[in-house]
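The structure appears right after this line, and notes come after that.
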Amino acid sequence: MIQSERGVRMALKAAGRRLVELGLSPATSGNLSARAKHGYIITPSGAAYDSVSPEDLVYMGDDWTHSGGQRPASSEWRLHRDIYR
């Protein structure tokens, strides 16, 4: 299990890169997220996995706070939140 927020970001970046390599997520389709601390980290809106950096990923707290990245979180952030709940 990955403990640090940085570790989660790196794992999401690697998973996204792998999806592109396998041809499973072309362009900006799909979203990835993973639990982290008291919330989760999710891919930003409109970002291609092969160009997103770990710092571009957005942290979403259980209290609806968010931080990180230059773009807003995926528009599907509520779906991801509800699944984690």
Side-chain angles (χ1 to χ4, degrees):
M1 183 171 157
I2 300 167
Q3 296 296 321
S4 73
E5 183 176 329
R6 179 73 179 159
V8 172
R9 289 174 180 277
M10 297 300 291
L12 282 173
K13 168 65 179 167
R17 184 176 53 241
R18 185 73 174 134
L19 288 173
V20 171
E21 289 171 358
L22 294 172
L24 299 174
S25 184
T28 61
S29 65
N31 296 291
L32 293 175
S33 69
R35 288 185 187 271
K37 296 184 183 179
H38 300 289
Y40 61 98
I41 296 174
I42 189 167
T43 49
S45 181
Y49 291 141
D50 54 357
S51 67
V52 71
S53 74
E55 293 75 25
D56 291 329
L57 301 172
V58 181
Y59 174 81
M60 301 293 293
D62 287 340
D63 58 357
W64 298 48
T65 58
H66 57 86
S67 63
Q70 298 296 314
R71 297 182 180 149
S74 162
S75 61
E76 296 177 352
W77 68 267
R78 290 170 192 85
L79 172 67
H80 290 250
R81 178 202 62 202
D82 292 349
I83 290 169
Y84 290 126
R85 283 187 179 164

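If you're wondering where the values come from, they're calculated on a predicted model, not measured in any experiment. One is the number of the first residue; the rest follow in order along the sequence. Atom set for the values below is all heavy atoms of this structure, side chains included, hydrogens, waters and symmetry mates excluded.
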Q: Enumerate the residue pairs fulfilling ring pair (Phe, Tyr, Trp, His ring centres under 6.0 Å) with a member in residues 9-46, sequence neighbours excluded, ordered by first and then second residue.
A: Tyr40-Tyr84
Q. Is there a side chain to side chain contact (heavy atoms under 4.5 Å, CB included) between Val52 and Thr43 once you walk through the steps?
A. CA-CA 8 Å; Val52 71; Thr43 49; 5.6 Å; no
Q: Of all the heavy-atom pairs spanning Val8 and Ala34, show the shortest one and how long it is.
A: CG1-CB, 3.7 Å
Q: State, to 0.1 Å, how close Tyr49 and Ser25 come at their nearest heavy-atom pair, and which atoms those are.
A: CE1-OG, 3.1 Å
Q: Can you sort out the partners of Ser53 under side-chain hydrogen bond (donor to acceptor under 3.5 Å, both in side chains), two or more places apart, ordered by chain and number?
A: Glu55, Asp56
Q: Please report the closest heavy-atom contact between Ile42 and Met60, naming both atoms and the distance.
A: CG2-CG, 3.9 Å
Q) Which heavy atom of Gly46 sits nearest a heavy atom of Arg71, and at what distance? A) O-NH1, 3.5 Å
Q | Listed once per pair and sorted, the ring pair (Phe, Tyr, Trp, His ring centres under 6.0 Å) pairs that draw on residues 8-37, sequence neighbours left out | A | none
Q) Are Ile83 and Tyr59 linked, directly or through other ILVMFWY residues, by side chains that come within less than 4.5 angstrom of each other? A) no
Q) So how far is it from Leu57 CG to Met10 CE, rounded to the nearest 0.5 Å? A) 10.0 Å
Q. Taking the side chain as C-beta and beyond, is there a heavy-atom pair between Asn31 and Leu79 under 4.5 Å?
A. no
Q. Atom CD1 of Ile41 and atom CD of Glu5: how far apart are they, to the nearest 0.5 Å?
A. 4.0 Å
Q | Closest heavy-atom pair and its distance - Arg6, Pro54 | A | NH1-CB, 3.5 Å
**Q.** CG-CZ distance between Leu22 and Arg17, expressed to the nearest 0.5 angstrom
**A.** 12.0 Å
